[in-house]
Participant: 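Pasting in a structure now, in structure tokens, and then I'll have a few things to ask.
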Amino acid sequence: MNKNEKAELIAEAKELIQNASAVYLTDYSKINVEDISEIRNQFRKDGVKYRIFKNTLFKRALVESGKFEKLADHLEGMTGFAFASTNPVAPAKIIKKYNDTSQKFPLKACYIETQYFDGSKLKELAELPTKEEVIASILGSLNSPASGIVGSIAAVIRDLVSVVDEVSKKKAA
């Protein structure tokens, strides 16, 4: 690989790092081609980019980007890189799903936004809600008080109508 090719790969890795809200490092040494293709397809469906870079080139991209600096400590062996931009927990869910059946695709480490996690936190990361689930939960919480207020107002009006009705019955009698 010549100097220009290396510079291009470093630039590509740096761009992926800059645009990612989460970066996951995996060990793909025990996976066959068929399985890695299936994992890549699952990543693609969730908008995750999965790439392989030489560890030395990725380390240079980390230094140049100034982000995710602790990942450099895990750049040993056969390392695959998953870059998530819109759904930062999607790679954790995919990696955990594959590991539940085969134990051949371990997580080395990851960053979500500015928070570092080592590979032992895979289960906790995979259980985090997606962005859409968080938004739905917040909207549900916001809607709840509004429906409670409407119910309270309706109850007050209903009580007022019944009081007026009782008063009119007494006056008529």
Side-chain angles (χ1 to χ4, degrees), residues 1-140:
M1 183 179 303
N2 67 35
K3 200 171 191 176
N4 289 336
E5 290 172 329
K6 288 180 182 179
E8 287 176 17
L9 288 173
I10 292 170
E12 178 187 354
K14 184 178 170 185
E15 182 181 342
L16 288 168
I17 291 167
Q18 293 293 346
N19 295 332
S21 61
V23 177
Y24 289 74
L25 273 59
T26 61
D27 180 352
Y28 68 94
S29 62
K30 298 176 185 171
I31 296 184
N32 61 32
V33 174
E34 182 181 328
D35 288 343
I36 198 72
S37 294
E38 177 59 32
I39 291 169
R40 282 180 189 263
N41 287 336
Q42 290 176 13
F43 279 143
R44 222 175 278 119
K45 286 178 188 174
D46 283 337
V48 176
K49 295 178 181 174
Y50 188 76
R51 299 282 192 281
I52 306 296
F53 295 101
K54 288 183 76 170
N55 290 335
T56 54
L57 298 179
F58 191 78
K59 188 179 275 190
R60 286 185 57 196
L62 284 174
V63 169
E64 288 182 18
S65 71
K67 291 176 73 176
F68 311 131
E69 62 278 345
K70 289 185 182 178
L71 294 181
D73 299 338
H74 300 279
L75 296 175
E76 299 170 350
M78 298 175 76
T79 306
F81 306 91
F83 302 92
S85 55
T86 56
N87 185 359
V89 296
K93 293 178 185 299
I94 294 167
I95 293 166
K96 183 179 180 308
K97 181 180 174 185
Y98 186 80
N99 275 336
D100 285 347
T101 58
S102 72
Q103 300 295 320
K104 294 182 182 178
F105 195 56
L107 176 67
K108 290 183 173 186
C110 76
Y111 262 95
I112 297 179
E113 298 296 339
T114 58
Q115 185 67 40
Y116 167 80
F117 300 95
D118 67 6
S120 66
K121 302 289 185 197
L122 177 62
K123 183 178 181 207
E124 292 87 353
L125 293 171
E127 291 172 354
L128 289 173
T130 64
K131 188 176 183 179
E132 291 78 20
E133 292 169 343
V134 171
I135 290 171
S137 173
I138 290 170
L139 290 176

Participant: Tell me every residue that passes side-chain hydrogen bond (donor to acceptor under 3.5 Å, both in side chains) with N55, counting only those two or more places apart in sequence or in another chain.
Facilitator: T79
Participant: Just verifying a value: how many Å separate K97 NZ and I39 CD1, rounded to the nearest 0.5 Å?
Facilitator: 10.5 Å
Participant: Where do F117 and L122 land on the side chain to side chain contact (heavy atoms under 4.5 Å, CB included) test, with the steps shown first?
Facilitator: CA-CA 8 Å; F117 300 95; L122 177 62; over 6 Å; no
Participant: Using modelled atom types and a 3.5 Å cut-off, is there a donor and acceptor pairing between side-chain atoms of K108 and backbone atoms of T26?
Facilitator: no
Participant: Under the rule for salt bridge (charged side-chain N to carboxylate O under 4.0 Å, His left out), what residues qualify as partners of K96, not counting sequence neighbours?
Facilitator: D100
Participant: Got a sec, which residues hit side-chain contact (heavy atoms from CB on, under 4.5 Å) with Q103, two or more places apart in sequence or on another chain?
Facilitator: none
Participant: Assign the ring pair Y111 / F68 to parallel, tilted or perpendicular, where the plane angle (0 to 90°) is split at 30° and 60°.
Facilitator: tilted
Participant: Under 3.5 Å, side chain of S65 to main-chain N/O of E15, donor-acceptor pair present?
Facilitator: no
Participant: Within the 4.5 Å heavy-atom criterion, are D35 and K104 side-chain neighbours or not?
Facilitator: no
Participant: Find out whether I94 and Y98 are in side-chain contact, i.e. whether some heavy atom of one side chain is under 4.5 Å from a heavy atom of the other.
Facilitator: no
Participant: How long is the span from the CG atom in L107 to the NZ atom in K123, to the nearest 0.5 Å?
Facilitator: 15.0 Å
Participant: Report, as yes or no, whether the 6.0 Å neighbourhood of atom CD on E124 holds more than 12 heavy atoms from other residues, nucleotides or ligands.
Facilitator: yes
Participant: Hey, what do you get for CD1 (I31) to CE (M78), rounding to the nearest 0.5 Å?
Facilitator: 9.5 Å
Participant: Going by the rule side-chain contact (heavy atoms from CB on, under 4.5 Å), which residues pair with R51 if we only count those two or more places apart in sequence or in a different chain?
Facilitator: E12, L16, K49, F53, F83
Participant: So for atom NZ, which belongs to K67, do other residues, nucleotides or ligands contribute more than 12 heavy atoms lying within a distance under 6.0 Å?
Facilitator: yes
Participant: Excluding sequence neighbours, so at least two apart, what forms side-chain hydrogen bond (donor to acceptor under 3.5 Å, both in side chains) with Y28?
Facilitator: none
Participant: Can you find a pair of side-chain heavy atoms, one from I112 and one from P88, that are under 4.5 Å apart?
Facilitator: yes
Participant: Decide if atom CD of E34 counts as having more than 12 heavy atoms of other residues, nucleotides or ligands within a radius under 6.0 Å.
Facilitator: no
Participant: Check the pair F81, L75 against side chain to side chain contact (heavy atoms under 4.5 Å, CB included), reporting the backbone distance first and the verdict last.
Facilitator: CA-CA 10 Å; F81 306 91; L75 296 175; 3.6 Å; yes
Participant: Under the side-chain contact (heavy atoms from CB on, under 4.5 Å) test, which residues partner T86, sequence neighbours left out?
Facilitator: none
Participant: Inspect the surroundings of NZ in K59 and state if more than 12 heavy atoms from other residues, nucleotides or ligands are less than 6.0 Å away.
Facilitator: no
Participant: Nearest 0.5 angstrom please: K54 NZ to R60 CZ, how far?
Facilitator: 11.0 Å
